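See below for the structure under consideration.
On a predicted model such as this, the values are computed, not experimentally measured, just so you know. Every chain is numbered from 1, with letters handed out A, B, ... down the list of sequences.
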There are 2 protein chains.
Amino acid sequence: MALTPARTMPGVLELLPLDQIAFQRMLDVIRRNYERFGFLPIETPVIEYSDVLLTKTGGETERQVYFVQSTGALNAEKDADGVPELALRFDLTVPLARYVAEHERDLSFPFRRYQMQRVYRGERAQRGRFREFYQCDIDVIGKDSLSVRYDAEVPAVIYSVFRELNVGAFTIQMNNRKLMRGYFEKLGIADAEQQMLVLREVDKLDKRGADYVRDTLTGEAFGLSSGVANQILAFVQVRSTSLQDAFDKLAALGEGPEAMEQGRAELKEVLGLIHAFGVPETHYALNLSIARGLDYYTGTVYETTLNDHPQIGSVCSGGRYENLASQYTKSKLPGVGISIGLTRLYWQLRDAGLVNTAQSTVDVLVTQMDEAQLPAYLALANELRSAGIATEVVLEAGKLGKQFKYADRAGIRFVLVLGEDELAKGVVTVKDLRREDQFEVARGELIKTLRVELEQAAVMG
Amino acid sequence: MALTPARTMPGVLELLPLDQIAFQRMLDVIRRNYERFGFLPIETPVIEYSDVLLTKTGGETERQVYFVQSTGALNAEKDADGVPELALRFDLTVPLARYVAEHERDLSFPFRRYQMQRVYRGERAQRGRFREFYQCDIDVIGKDSLSVRYDAEVPAVIYSVFRELNVGAFTIQMNNRKLMRGYFEKLGIADAEQQMLVLREVDKLDKRGADYVRDTLTGEAFGLSSGVANQILAFVQVRSTSLQDAFDKLAALGEGPEAMEQGRAELKEVLGLIHAFGVPETHYALNLSIARGLDYYTGTVYETTLNDHPQIGSVCSGGRYENLASQYTKSKLPGVGISIGLTRLYWQLRDAGLVNTAQSTVDVLVTQMDEAQLPAYLALANELRSAGIATEVVLEAGKLGKQFKYADRAGIRFVLVLGEDELAKGVVTVKDLRREDQFEVARGELIKTLRVELEQAAVMG
């Protein structure tokens, strides 16, 4: 039989075990922190009905959807438009909306959920673009209303997650869509459609620069005066350097129409509470350029950037929305949430040398010096495992040097040797492959000693 | 806009948060035990190339495959047979084979991997049949050869997992395909094809009964003498009641051809080591009826059953195979592995009342008695979270009774009250909703007290 080449499609990130362990540790950190803030897990099926997935979205998103058909249904299951009945989710927000609408009566509100699953987009193959990637989301969903205080809790979760992810200094950047819209109104840009278009231009500021945006705004399409264009540019370049500075800069914007005052009041409430939520001033800032897409978010918006790696862009984004699930239910379900695109983040952090992939989940390798002593090796492994120490035993005889090499290559730091000498003396030889050191431990002290070593290794790396 | 009904397709198990927590705990137990035995995590993409997925399998499996097409490719991406280019994996074994073949040079052998992901099968909608379900697999893959000792390690992992899953008494049932085949040979059924057919009939013993199988074997299709049919039936009804009994029953089979002696020697080696691996005699048995499908497994085979719930069938199955990835590589890669179909198992255990879903991941709810004290509530929550206690704070004012009710409904056991009295006295009132009890704790003692309570709750349920 001819061999089939073993390969995966472009745009997926398949990892070797040590990389997978590093990835899994990030997932664990995120989950632990989400849970620490009282978010509850849900998982939804990767396959949804196409009409459920595609109610709200159109154009770009629709072209990126993966449709699914069972063999028998390859041609049969298309509806009148020729769209197959089933598709893969392209984010976790639409499935959340469907979930909340479907299970509304069984949920307690405010509903605080986290969800960490893969999503699928039929992107063109391109470096850094993934067709399959993890999203790690939290959302708080209210019934009818949801206090803006929840908008202040979100930065606390972000702070807690990224501090523990240990990726260096980061800043949670905040803005408010109402403030933005109201400010444009104040400048005479009152039409909602026109505001949207201005926001879309402003969103290009980082990529295209101030001159480009100013030219566009004063050009034919918008026809704004250069005074107004400059005020918009000054507005979106506002950044705060401390909590007091944030309050000052909000005050310096001057009075404005209702939407602006509402947005300012919300931002002030959020900023006022954020300290009580335990986020230090060094880790958040007002950034009035942040718009986060165009129609979904309605109040507070967040982006998070790594201070030393601005090129990575936002590593965690989100915001406040008016109504989660209007396409499925008449209930009003306002919410606030964030998403971490972990696959891309991991890939970028690894690129930047910020991911440590050298350490295995296997704590200890029990070597095989003497085949006849296998039962003793197994008994030792049982003891270690019962103590929660992840242990692999070499079951096939081989040269000791080869066994060390295997451990080293597999990222297993501690190797145990139990030979004739050790058995006679009632000790075990512990070899630390990282420190290139070895020492004898009394059998009765082994678990205690290894625990100390492993704790140190976890802290010191 | 007309509302779209919020719904999922049949054959998926979507859980409410408390059920999801119970499910997640089972995933965590399995993962922890797999890691404790030194298995390394991998994850593979859910989408594979169709030609990669469908090399080996045919017929039934092929009809159950879900094919995947991006919007633009709905008609374009079919190959000459009209098969779309991409499909969803239907198990974790084919992706493992592809993974090992693709990354062979980067892996250390024996390669010990675990993988816990969802797989997809276009099953007909039917109670207890899932179209999306978790498989939790381990495999040890050798290069060129793999000692039968690894076959003895597998029951140790099964034992460790199911003991901690706390599902009552269970038995790991073992057989060996070579012993089976050799025994049939001894009875004059030497043709491999014929053996396969007999094995297929024997596989029906549990479902159809001995009489049905005997009638089939002595009937036209097989034409075996009733003496031979009875010997086959006697063979497959062999069960051991202790380790010694297992050895005795293996000896009592009498001498046989090479395959039989080889199978017996393997079983004896596995049985001889299993004790050293720490599996008590009460938890495994020889069961010569187990065949596990027809062509994949070649040596040891396993099934695990719950003693008090035989109707559930095997909760963990697997075995030894000759060559993992012959369709992708010329390397010989023998292995041994098992799979837990967790979605189905969870569903069955819940049905049998064996899953406890009452407890939330949220340890503590900090109530809001006095809106003005919100910063104090948040400071308290920060302290608790820093101590690893998962804490939710009520951010919107409401009647205290309603807050208790929310906690109760959400499965949060401990509720903290910090009112004027408590603040004046420097204490916190802890309300245990499960025990319907409450007590005051000095603020400085709170974390210690809660930790003790939570540990007790985790142990006592």
Side-chain angles (χ1 to χ4, degrees), chain A residues 3-4 6-9 12 14 16-17 20-21 24 35-36 38 40-47 49 51-52 55 62-63 65-72 74 86 98 101-103 106 108 122 132 147 149-150 276-278 327-328 361-362 375 378 382 385 390-392 395-396 406 409-410, chain B residues 3-4 6-9 12 14 16-17 20-21 24 35-36 38 40-47 49 51-52 55 62-63 65-72 74 86 98 101-103 106 108 122 132 147 149-150 276-278 327-328 361-362 375 378 382 385 390-392 395-396 406 409-410:
Chain A
L3 294 180
T4 304
R7 68 211 193 279
T8 55
M9 70 172 180
V12 300
E14 182 167 88
L16 289 170
Q20 185 67 46
I21 289 166
Q24 184 65 47
E35 290 192 348
R36 202 167 278 173
L40 300 172
I42 71 164
E43 290 194 343
T44 63
V46 73
I47 302 175
Y49 281 121
D51 68 326
V52 168
T55 45
E62 204 153 330
R63 273 201 302 284
V65 168
Y66 280 116
F67 290 100
V68 172
Q69 291 167 287
S70 61
T71 321
L74 260 183
L86 303 171
R98 194 266 308 145
E102 186 174 345
H103 304 293
D106 297 315
S108 302
E132 174 184 68
S147 161
R149 289 173 186 158
Y150 289 96
F277 270 105
Q327 66 271 46
Y328 312 121
T361 39
V362 182
L378 295 177
N382 282 345
R385 286 169 185 150
T391 306
E392 178 178 345
L395 293 181
E396 285 180 284
Y406 167 83
R409 196 172 172 218
Chain B
L3 295 179
T4 304
R7 69 213 192 279
T8 54
M9 70 171 179
V12 300
E14 181 167 88
L16 289 170
Q20 185 67 46
I21 289 166
Q24 185 64 47
E35 290 191 348
R36 201 165 279 172
L40 301 172
I42 71 164
E43 291 195 340
T44 64
V46 72
I47 302 175
Y49 281 122
D51 67 325
V52 168
T55 45
E62 205 153 328
R63 272 202 303 284
V65 167
Y66 279 116
F67 290 100
V68 172
Q69 290 167 286
S70 62
T71 321
L74 261 183
L86 304 171
R98 195 266 309 146
E102 186 173 344
H103 305 293
D106 298 314
S108 302
E132 173 184 68
S147 161
R149 288 173 187 158
Y150 289 95
F277 269 106
Q327 66 270 48
Y328 312 120
T361 39
V362 183
L378 295 177
N382 282 346
R385 286 170 186 149
T391 305
E392 178 178 345
L395 293 182
E396 286 181 282
Y406 167 83
R409 196 172 172 218

Given that the side chain runs from C-beta out, which part of [X] has a heavy atom under 4.5 Å from chain A: side chain, backbone, both or neither?
X	result
B:Asn382	side chain
B:Glu396	both
B:Tyr49	side chain

Q) What pair of heavy atoms forms the shortest contact from A:Arg409 to B:Asp106, and how long is it? A) NH2-C, 3.8 Å
Q: Taking the side chain as every heavy atom from C-beta outward, state whether B:Glu102 and A:Thr8 have any pair of such atoms under 4.5 Å apart.
A: yes
Q: Side-chain contact test, heavy atoms from C-beta onward, threshold under 4.5 Å: evaluate it for B:His103 versus A:Leu16 and give yes or no.
A: yes
Q.
Just verifying a value: how many Å separate A:Gln20 CD and B:Glu43 CD, rounded to the nearest 0.5 Å?
A.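 A:Gln20 atom CD to B:Glu43 atom CD measures 4.5 Å (nearest 0.5 Å).
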Q. What's the spacing between B:Arg149 CZ and A:Leu395 CG if we round to 0.5 Å?
A.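 With rounding to 0.5 Å, CZ (B:Arg149) is 7.0 Å from CG (A:Leu395).
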(Q) I'd like to know which of A:Ile47, A:Ile21, A:Val12 tops the heavy-atom pair count under 4.5 Å against chain B. (A) A:Ile47
Q.
Between A:Glu132, A:Glu392, A:Arg98, who has the most heavy-atom pairs with chain B when the cutoff is under 4.5 Å?
A.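 Maximum pair count with chain B is reached by A:Arg98.
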Among [options], which residue has the highest count of heavy-atom pairs closer than 4.5 Å to chain A?
options	value
B:Leu378, B:Ile42, B:Val362	B:Leu378
B:Ser108, B:Pro45, B:Ala410	B:Pro45
B:Pro41, B:Pro375, B:Ala101	B:Pro41

Q: Kindly say whether B:Val52 contributes a backbone atom to a donor-acceptor pair with the side chain of B:Tyr328 at under 3.5 angstrom?
A: yes
